[in-house]
There are 2 protein chains.
Amino acid sequence: MDQKVTIKEVAELAGVSKSTVSRYLNHGYISTEKQERVRAAIEQTGFQSNFFAKRLKTKESKLIGIVLPRMDSVTVGKLLAGISRVLEPAGYQGILLVSQLSGRKELENIRNLQQQGVDGILVDSVGITEEHVKISQEGNIPILYTGQKNDKVPFVKIDDEAAGRMMGAYLREMGHKHAVFAGVTEQDTAVGVDRKRGFIDAFKAGRFGAKVDFVETGFDFLSAYNQAEDVLRCKASVVVGATDNISLGILRYIHERGIRVPEEISVAGFGGYEVGAVVYPALTTVAFDYELVGMKAAQYMLNLLRDEPVQENMEMPLFFVERESVRNLKRDYEKEKPGSMNGLA
Amino acid sequence: MDQKVTIKEVAELAGVSKSTVSRYLNHGYISTEKQERVRAAIEQTGFQSNFFAKRLKTKESKLIGIVLPRMDSVTVGKLLAGISRVLEPAGYQGILLVSQLSGRKELENIRNLQQQGVDGILVDSVGITEEHVKISQEGNIPILYTGQKNDKVPFVKIDDEAAGRMMGAYLREMGHKHAVFAGVTEQDTAVGVDRKRGFIDAFKAGRFGAKVDFVETGFDFLSAYNQAEDVLRCKASVVVGATDNISLGILRYIHERGIRVPEEISVAGFGGYEVGAVVYPALTTVAFDYELVGMKAAQYMLNLLRDEPVQENMEMPLFFVERESVRNLKRDYEKEKPGSMNGLA
DNA sequence: CTGTTAGCGCATTCAG
DNA sequence: CTGAATGCGCTAACAG
């Protein structure tokens with residue numbers, strides 16, 4: 001509450017001027033003798049410099065606003081872990097705001113943060129609208145996006161289309177000709193549009209007879225589970241969930257029906273969540289390193305803040321994690337050796 | 001970066017004094033006529049009051065420090081969701097610091113936050129040491145703990161011992177006489193000591209012949225998976241993981257060995273994570289409402305800040321979630337009807 | 001190398 | 001009801 005001891009008292013106790021103490025605190029020319037006196041005085045008083053007074057002068061808050069769509073998701077957790085991993089060592093701290101998956105709230109949060117005097121804002125967006133672009137350009141602090149893309153603003157994200165293509169190419173390689181894509185609304189440009197398009201393109205790519213059905217679900221287990229019947233009705237040889245959660249929900253339904261995976265039907269997903277390795281059979285997936293995305297984003301932000309040149313369009317690496325849930329239709333299915341917890345470590 | 005327009009310019013444009021503008025902004029006596037002029041001037045200039053100057057005067061930051069052991073965990077995510085849900089409406093924002101599961105880093109973060117001038121600190125602790133108690137008492141801002149308990153400091157947490165007892169009583173009711181508890185280090189008072197003790201007490205509770213073996217694992221899937229062989233060697237009728245993740249890791253191992261659950265062995269856990277409902281068979285567990293814990297903690301903090309009376313020792317409700325992974329040894333095993341995704345909704 | 005002098009932008013006395 | 005004056009605690013010229 002009350003910040004009792006100030007720089008002034010330290011100065012008096014040490015028998016020097018306030019400026020000398022300030023110099024000691026910062027980058028100062030100060031004789032070793034006085035240096036010692038000041039040090040002692042600070043220790044004795046337990047002095048701590050007042051954050052706000054300091055910021056009022058320096059015009060720097062060392063605070064980065066972070067706007068998240070929600071908190072209780074693995075993805076967001078990883079992202080945050082990455083962000084704080086590079087922000088903290090640089091002396092920055094994060095202020096957190098949650099948008100409850102609402103674009104309106106997201107904008108509100110950004111405005112709020114701008115007003116709070118943070119040095120920059122990182123937004124894990126649910127969708128970058130014209131309003132976002134406007135607000136980004138009008139403000140005088142850098143705003144960096146992730147999760148979604150828009151060429152009018154700086155962003156860092158995984159290449160959803162490439163991820164889709166990776167999966168499409170793999171399933172094709174495995175001899176699948178008919179897939180059903182259990183995806184999300186097209187409102188979500190990243191997951192609902194790009195990822196799906198990449199998949200379809202690579203899966204079909206000039207093959208006659210290759211077919212991809214589509215079933216729309218939400219992002220959570222339950223919603224996917226509820227659509228599973230529709231998904232199975234497509235009679236495809238493989239089910240591709242737009243996220244691992246979707247695949248897991250469908251997998252659950254398949255288990256309940258006593259259908260064997262991958263012998264009778266294959267399942268694959270996107271995300272590389274750890275749980276995908278512990279379900280049985282373990283889920284084949286395209287893994288994203290969200291922690292790395294967080295780190296890159298934070299680094300990008302630091303560059304922006306320091307007016308350093310930034311490397312645009314960073315490529316986020318994707319890992320294909322081949323586990324047990326997809327059958328190779330081209331050659332005999334080679335049974336995974338038990339005892340190895342594939343891809344978990 | 002640069003906060004161009006200040007209260008002074010607004011005042012000039014409106015033809016009033018700075019103080020009048022300040023009054024307008026806060027709680028001020030101001031004539032309706034000037035009120036309008038000031039409003040217009042603010043709108044025209046796009047004025048935003050300087051956060052730091054304001055805080056320097058008022059001695060309130062409206063910032064709450066939040067210290068977390070890690071970011072990438074479902075538990076932490078839920079907790080944060082709950083916290084921000086009550087903090088935001090109250091006009092507070094959270095500053096986030098991560099301790100990387102280190103007690104030393106945790107203390108460092110607390111000190112850091114104290115210095116930053118936050119109004120209060122919420123700590124999801126890995127263990128409350130004497131040092132924590134000291135630092136809490138010396139500082140002049142409230143520090144509230146969760147995750148662990150210590151009667152010398154304020155805390156809000158779930159009742160781990162009660163959770164353990166709940167599970168012990170249930171398994172006993174199901175006719176189990178020999179359990180193996182796959183738990184974590186006793187360093188963790190909450191999970192490693194209290195939860196286990198509660199379980200053992202209720203499971204045995206004056207029964208002759210009831211037996212509980214113990215195998216130590218880490219918190220993650222993989223570590224549990226690696227200890228699974230030891231766990232199975234106990235030949236117990238039920239495996240109880242100290243957390244759902246532990247149970248899931250062991251479940252995976254059991255699946256790989258082709259052992260049927262719950263026909264041949266039962267498995268149960270603690271936490272109530274959503275994934276427990278999508279694995280097959282769905283995991284019976286004691287569910288904690290971490291979001292509620294977060295909300296309670298935040299409310300407690302608000303009370304502390306306002307010097308309002310606080311309700312000590314809040315009881316966090318526990319939910320027993322009976323799903324499919326535990327066999328009732330007393331009566332015939334009643335097959336779960338397929339088609340209902342138990343406990344997920 | 002060091003003390004003195006000015007503000008940073010705002011809220012708040014204090015006289016009107 | 002309102003303006004002028006003061007200072008929150010600190011940093012950054014400025015002359016020594």
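Values in this document were obtained by computation on a predicted structure and should not be read as measured data. Chain letters run A, B, ... following the sequence lines, proteins first and then strands; every chain starts at 1.
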Using whole Å, report how far CG of Leu25(B) lies from P of dT12(C).
11 Å
When the distance from CD of Glu9(A) to P of dG9(D) is rounded to whole Å, what number comes out?
8 Å
Take atom CZ of Phe51(A) and atom C1' of dT11(D), then tell me their distance rounded to the nearest Å.
15 Å
How close or far is atom C1' of dG3(C) from atom CD of Glu12(A), stated in whole angstroms?
14 Å
When you check the phosphate oxygens OP1 and OP2 of dT11(D), does a side-chain N or O of Ser22(A) lie under 4.0 Å from one of them?
yes
Applying salt bridge (Lys or Arg N to Asp or Glu O under 4.0 Å), name anything that partners Arg111(B), two or more places apart in sequence or on another chain.
Glu131(B)
Any base atoms under 4.0 Å from Tyr24(A), or only sugar-phosphate, or nothing? Heavy atoms, all strands.
nothing
Output yes when at least one side-chain N/O atom of Asn50(B) is less than 4.0 Å from OP1 or OP2 of dC8(C), else no.
no
By ring pair (Phe, Tyr, Trp, His ring centres under 6.0 Å), Tyr24(A) pairs with (sequence neighbours left out) none
Sort and list the pairs that fulfil salt bridge (charged side-chain N to carboxylate O under 4.0 Å, His left out) and have at least one residue in residues 81-100 of chain B, not counting sequence neighbours.
Lys105(A)-Glu88(B), Arg85(B)-Glu291(B)
For nucleotides 1-5 of chain D, print each protein N/O atom paired with a nucleotide N/O atom at under 3.5 Å, atom names and distance only.
| residue | atom | partner | partner atom | Å |
| --- | --- | --- | --- | --- |
| dT2(D) | OP1 | Ser31(B) | OG | 2.6 |
| dT2(D) | OP2 | Ser31(B) | N | 2.7 |
| dG3(D) | OP1 | Lys34(B) | NZ | 3.0 |
| dG3(D) | OP2 | Ser17(B) | N | 3.2 |
| dG3(D) | OP2 | Ser17(B) | OG | 3.3 |
| dG3(D) | OP2 | Thr20(B) | OG1 | 2.4 |
| dG3(D) | N7 | Arg23(B) | NH2 | 3.3 |
| dG3(D) | O6 | Arg23(B) | NH2 | 2.6 |
| dA4(D) | N7 | Ser19(B) | OG | 3.3 |
| dA4(D) | N6 | Ser19(B) | OG | 3.0 |

End-to-end axis angle, where each axis spans five pairs of the helix from dC1(C)-dG16(D) to dG16(C)-dC1(D), to 10°:
40°
Using the test ring pair (Phe, Tyr, Trp, His ring centres under 6.0 Å), find all partners of Phe52(A) that sit at least two apart in sequence or belong to another chain.
none
Could I get the full list of salt bridge (Lys or Arg N to Asp or Glu O under 4.0 Å) partners for Lys78(B), not counting sequence neighbours?
Asp72(A)
Once salt bridge (Lys or Arg N to Asp or Glu O under 4.0 Å) is applied, do any residues pair with Lys152(A), and if so which ones, sequence neighbours excluded?
Glu130(A)
Ignoring hydrogens and angles, tell me if any N or O in the side chain of Ser99(B) forms a donor-acceptor pair with the backbone of Ser102(B) under 3.5 Å.
no
Answer yes or no: does a side-chain N or O of Lys57(B) lie under 4.0 Å from OP1 or OP2 of dG9(C)?
no
Can you tell me the distance, in whole Å, between the CZ atom of Phe52(A) and the P atom of dC10(D)?
13 Å
Here the distance between atom C1' of dG9(C) and atom CD of Gln115(A), to the nearest Å, is 14 Å
Rounded off to whole Å, could you give me the CZ-to-C1' distance for the Phe47(A) and dG9(D) pair?
8 Å
Options dT11(D), dG9(C), dC10(C), nucleotide nearest the side-chain atoms of Lys54(B):
dC10(C)
Listed by chain and number, what are the side-chain contact (heavy atoms from CB on, under 4.5 Å) partners of Ala190(A), not counting sequence neighbours?
Gln148(A), Lys157(A), Asp160(A), Asp188(A)
Could you tell me whether Lys62(B) atom NZ has more than 12 heavy atoms of other residues or ligands within 6.0 Å of it?
yes
Euclidean distance, atom CD of residue Glu60(A) to atom P of dC8(C) [Å, nearest integer]:
18 Å
